[in-house]
Amino acid sequence: MTEPNYWLMKSEPDAYSIDTLKKDGVTLWDGIRNYQARNFMRRMSLGDKVFFYHSNCKPPGIVGFMEVIDLNIIDPTQFQKESKYYDPKSSQEEPRWDCVKVKYLFKANKFLSLTELKILFNEEELLLVKKGNRLSIIPIKKEIAKLILEKIK
DNA sequence: GCCAACGTTGGC
DNA sequence: GCCAACGTTGGC
């Protein structure tokens with residue numbers, strides 16, 4: 001049994017929140033339309049652990065913990081014309097977007113705000129989580145992941 | 001391939 | 001609402 005990798009995935013709570021995931025139990029992390037974020041999902045392994053981050057809300061921060069339970073799933077929303085994630089450049093023969101399935105593990109006992117994350121994160125992680133690009137999935141170093149886990153348990 | 005214009009993310 | 005930091009698009 002190899003040690004899992006750790007990731008952080010952002011979602012706006014209005015779109016999909018930790019409480020919705022808790023209710024659903026599992027969910028497909030679809031709708032990712034950024035190549036770098038998609039490529040991070042392709043690097044995931046079964047059993048990898050993921051911090052659930054609420055973005056674009058007050059205050060932003062880590063609200064829960066999940067596990068990757070399925071890999072390389074074609075994102076169905078790219079073919080759905082009525083979906084806001086519809087991609088006309090994608091086809092059934094050559095789909096562009098895929099995703100992973102995640103399972104709810106637990107809701108953070110203590111909310112970990114972005115303000116607090118700034119103390120833990122290195123500059124690269126901070127840049128990725130904080131600002132300016134469409135990157136909603138980032139890798140988290142093991143040592144830092146363990147510190148975060150201690151704080152949200 | 002360059003780059004200006006435009007769109008999006010997301011903290012503040 | 002503002003705006004920095006990206007990513008994407010399209011003319012050339």
Side-chain angles (χ1 to χ4, degrees), chain A residues 5-24 27-44 48-68 71-102 104-141 143-153:
Chain A
N5 298 307
Y6 293 91
W7 308 87
L8 177 146
M9 302 205 294
K10 303 187 210 172
S11 178
E12 300 190 9
D14 288 347
Y16 195 84
S17 73
I18 184 68
D19 287 323
T20 313
L21 176 65
K22 184 176 182 179
K23 185 158 54 72
D24 291 348
T27 195
L28 207 56
W29 209 263
D30 55 15
I32 300 300
R33 294 293 179 270
N34 170 275
Y35 289 107
Q36 203 182 345
R38 183 202 65 184
N39 292 342
F40 279 140
M41 281 199 285
R42 289 182 174 179
R43 278 171 44 188
M44 290 179 184
D48 278 6
K49 301 295 192 288
V50 185
F51 296 105
F52 192 134
Y53 177 96
H54 275 178
S55 67
N56 205 9
C57 59
K58 286 188 215 178
I62 288 174
V63 292
F65 202 48
M66 354 180 235
E67 179 180 336
V68 176
L71 307 169
N72 305 314
I73 303 164
I74 302 295
D75 182 341
T77 62
Q78 67 194 304
F79 307 123
Q80 296 164 3
K81 283 213 170 69
E82 67 285 0
S83 169
K84 71 172 190 167
Y85 300 119
Y86 175 66
D87 184 352
K89 292 174 182 164
S90 196
S91 68
Q92 298 278 351
E93 297 73 33
E94 279 184 89
R96 295 185 161 198
W97 308 107
D98 45 80
C99 56
V100 296
K101 191 182 274 182
V102 292
Y104 172 85
L105 289 182
F106 61 83
K107 196 170 161 177
N109 206 33
K110 186 180 167 300
F111 172 75
L112 190 62
S113 69
L114 176 58
T115 311
E116 294 166 275
L117 281 173
K118 284 177 179 175
I119 299 163
L120 298 178
F121 277 3
N122 63 34
E123 245 175 75
E124 191 193 347
E125 285 162 332
L126 202 57
L127 196 75
L128 293 174
V129 78
K130 192 175 74 163
K131 265 208 184 237
N133 56 23
R134 295 156 53 83
L135 194 54
S136 57
I137 298 173
I138 68 169
I140 305 289
K141 288 203 168 65
E143 318 83 69
I144 294 167
K146 280 169 185 167
L147 293 176
I148 295 172
L149 263 180
E150 284 307 308
K151 289 183 183 290
I152 64 172
K153 259 179 191 162

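Just so we're on the same page: letters track the sequence lines, and every chain starts at 1. Below, each value reflects all heavy atoms present in this structure, side chains not excepted, and no hydrogens, waters or symmetry copies.
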Nearest whole angstrom, please: distance from the [atom2] of [N] to the [atom1] of [X].
X: A:Asn56; N: B:dT8; atom1: CG; atom2: P; answer: 14 Å
X: A:Leu135; N: C:dG7; atom1: CG; atom2: P; answer: 8 Å
X: A:Leu114; N: B:dG10; atom1: CG; atom2: C1'; answer: 10 Å
X: A:Lys10; N: C:dC6; atom1: NZ; atom2: P; answer: 12 Å
X: A:Lys84; N: B:dT8; atom1: NZ; atom2: P; answer: 11 Å
X: A:Asp14; N: B:dG10; atom1: CG; atom2: P; answer: 13 Å
X: A:Arg33; N: B:dT9; atom1: CZ; atom2: C1'; answer: 16 Å
X: A:Ile137; N: B:dT9; atom1: CD1; atom2: P; answer: 14 Å

If you check the [X] side chain, which of [options] turns out closest?
X: A:Gln36; options: B:dC12, B:dG10, C:dG7; answer: C:dG7
X: A:Tyr35; options: B:dG10, C:dT8, B:dG11; answer: C:dT8
X: A:Lys118; options: C:dG7, B:dG10, B:dC12; answer: B:dC12
X: A:Glu12; options: B:dG10, B:dC12, C:dT8; answer: B:dG10

Close side-chain approach of A:Phe121 to A:Ile140, heavy-atom, < 4.5 Å: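 A:Phe121 vs A:Ile140: side chains touch.
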Apply ring pair (Phe, Tyr, Trp, His ring centres under 6.0 Å) to A:Phe65 and list each qualifying residue two or more places apart in sequence or on a separate chain.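 Testing A:Phe65 for ring pair (Phe, Tyr, Trp, His ring centres under 6.0 Å), a comparison that skips the adjacent residues, returns A:Phe51, A:Phe106.
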Quick one: do A:Lys107 and A:Asp19 make a salt bridge, cutoff under 4.0 Å?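 Salt bridge: yes.
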Would you say the side-chain atoms of A:Lys10 pair up with the backbone N or O of A:Ile138, donor to acceptor, closer than 3.5 Å?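 It does not hold such a pair.
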